[in-house]
Amino acid sequence: MRVFADIDEVIAAQGEHLGYTDWITVDQERITRFADATEDHQWIHIDEEKAAAGPFGSTIAHGFLSLSLLAHFSQSIIRIEKKPSMSINYGLNKVRFLQPVTVGSRLRDGVEIVSVQEGPKGYLVTTKHTVEIEGQERPALVAESLGLWVP
C-alpha cells in the first residue's frame with residue numbers, strides 16, 4: 001500500500017506506478033452473487049455443467065464483476081493520511097476487457113496515477129488499473145478510473 005500525507009503528495013506522484021494489490025480469488029459464489037445482484041444469469045456465468053463444455057471450459061466472471069473490483073483494489077493500494085471529506089466515483093475512461101476470468105482465477109491490480117486536476121468541486125484523480133490474472137500473460141482488463149476527491 002502506498003501512503004500519502006495529503007493531496008499535494010498525490011499530485012507530485014502523477015505518472016507513478018503505485019504497485020500491486022494482493023491477489024483475490026474469484027470463486028463461483030462471488031460470480032453467482034453478482035449474477036443475482038445484476039440479474040445477469042447467462043449460462044456462461046452460472047451453469048457450471050454447461051459452461052464446462054463451453055468455449056472457456058468453466059464458468060467465467062462477468063466483465064462488470066471484474067471491473068467492480070476496482071473499488072476494493074483502490075482501497076487496498078492507496079491511503080491518504082489527510083483524507084478528503086469524501087471521494088466520489090466520477091466514472092471511467094478507456095475500459096477494455098481483454099481476457100475472460102475463469103472461475104477460481106486469482107486477480108490483482110496494478111495501479112498508476114495518471115493525473116490529478118484541481119477543479120471547483122475538488123480534485124479529479126485519474127488512475128490506470130491493469131487487472132492481472134495469475135499465471136496469464138494478458139490482463140483481464142485495463143481501465144482508467146476517475147475519482148472526485150472533495151477536500
Side-chain angles (χ1 to χ4, degrees), residues 1-42 44-46 56 58-151:
M1 173 174 288
R2 180 79 179 269
V3 180
F4 295 95
D6 54 27
I7 190 67
D8 291 330
E9 284 190 5
V10 177
I11 291 168
Q14 290 178 91
E16 287 186 29
H17 193 274
L18 301 180
Y20 297 91
T21 65
D22 290 336
W23 293 100
I24 186 170
T25 302
V26 178
D27 59 16
Q28 188 60 50
E29 180 182 358
R30 182 184 301 269
I31 294 169
T32 301
R33 286 194 330 255
F34 191 84
D36 291 341
T38 60
E39 298 190 24
D40 179 356
H41 295 97
Q42 187 177 172
I44 60 174
H45 304 304
I46 61 166
F56 308 110
S58 70
T59 56
I60 61 170
H62 306 70
F64 286 132
L65 166 55
S66 300
L67 185 63
S68 74
L69 292 172
L70 296 188
H72 164 74
F73 289 139
S74 293
Q75 293 175 20
S76 66
I77 197 72
I78 187 171
R79 191 177 90 223
I80 303 170
E81 291 176 345
K82 185 179 176 186
K83 295 181 182 191
S85 65
M86 65 179 154
S87 178
I88 301 167
N89 178 354
Y90 202 73
L92 299 160
N93 293 332
K94 304 177 187 176
V95 178
R96 296 292 180 266
F97 300 106
L98 302 173
Q99 181 164 264
V101 175
T102 56
V103 67
S105 292
R106 289 174 18 114
L107 303 178
R108 73 174 182 179
D109 189 10
V111 181
E112 175 186 333
I113 297 176
V114 175
S115 66
V116 181
Q117 300 170 333
E118 186 173 7
K121 296 181 181 181
Y123 296 89
L124 185 62
V125 180
T126 303
T127 50
K128 179 181 177 185
H129 298 262
T130 302
V131 177
E132 299 178 348
I133 305 169
E134 187 176 42
Q136 299 292 318
E137 192 173 312
R138 292 182 61 204
L141 70 92
V142 176
E144 284 186 1
S145 177
L146 308 173
L148 179 61
W149 296 2
V150 180

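Position 1 is the first residue of the sequence; numbering continues from there. Any value given below was found using the heavy atoms of this structure, including those in side chains, with hydrogens, waters and symmetry copies removed.
Checking side-chain atoms of Glu81 against main-chain N and O of Val3 turns up no donor-acceptor pair under 3.5 Å. Side-chain atoms of Arg79 do not come within 3.5 Å of backbone N or O of Met1 as any donor-acceptor pair. Although no hydrogens or angles enter the test, the distance criterion places a donor-acceptor pair under 3.5 Å between the side chain of Thr21 and the main chain of Asp109. A donor-acceptor pair is defined here as one N or O able to donate and one able to accept, closer than 3.5 Å; no such pair exists between the side chain of His129 and the backbone of Val111. For the pair Asp8 (side chain) and Ile11 (backbone), a donor-acceptor distance under 3.5 Å is absent.
Around the OH atom of Tyr90, the shell of radius 6.0 Å holds no more than 12 heavy atoms that belong to other residues, nucleotides or ligands. Heavy-atom contacts from other residues, nucleotides or ligands closer than 6.0 Å to CD of Glu134 number more than 12.
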Which donor-acceptor pairs under 3.5 Å do the side chains of residues 142-151 make with protein atoms, sequence neighbours left out?
{"residue": "Glu144", "atom": "OE1", "partner": "Asn93", "partner atom": "ND2", "Å": "3.4"}
{"residue": "Trp149", "atom": "NE1", "partner": "Ser87", "partner atom": "OG", "Å": "3.3"}

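Side-chain contact between Leu92 and Leu67 is present, with heavy atoms from C-beta onward closer than 4.5 Å. Looking at Leu18 and Phe4, their side chains come closer than 4.5 Å, going by heavy atoms from C-beta outward.
Nearest heavy atoms, Trp23 versus Glu132: CZ3-O, 3.9 Å.
Every residue two or more places apart in sequence or in another chain that forms a ring-ring contact (aromatic ring centres under 6.0 Å, His included) with Phe34 is listed here: His62. Legend: residues meeting side chain to side chain donor-acceptor pair (under 3.5 Å) with His41, ordered by chain and number and at least two apart, are Asp36.
Under the side-chain contact (heavy atoms from CB on, under 4.5 Å) test applied with Phe73, the options Ile78, Thr127, Ile24 reduce to a single match, Ile24.
The line from CG of Leu107 to NE2 of His72 is 10.0 Å long, rounded to the nearest 0.5 Å. Atom-to-atom distance recorded for Thr130:OG1 and Arg108:CZ is 10.5 Å, nearest 0.5 angstrom.
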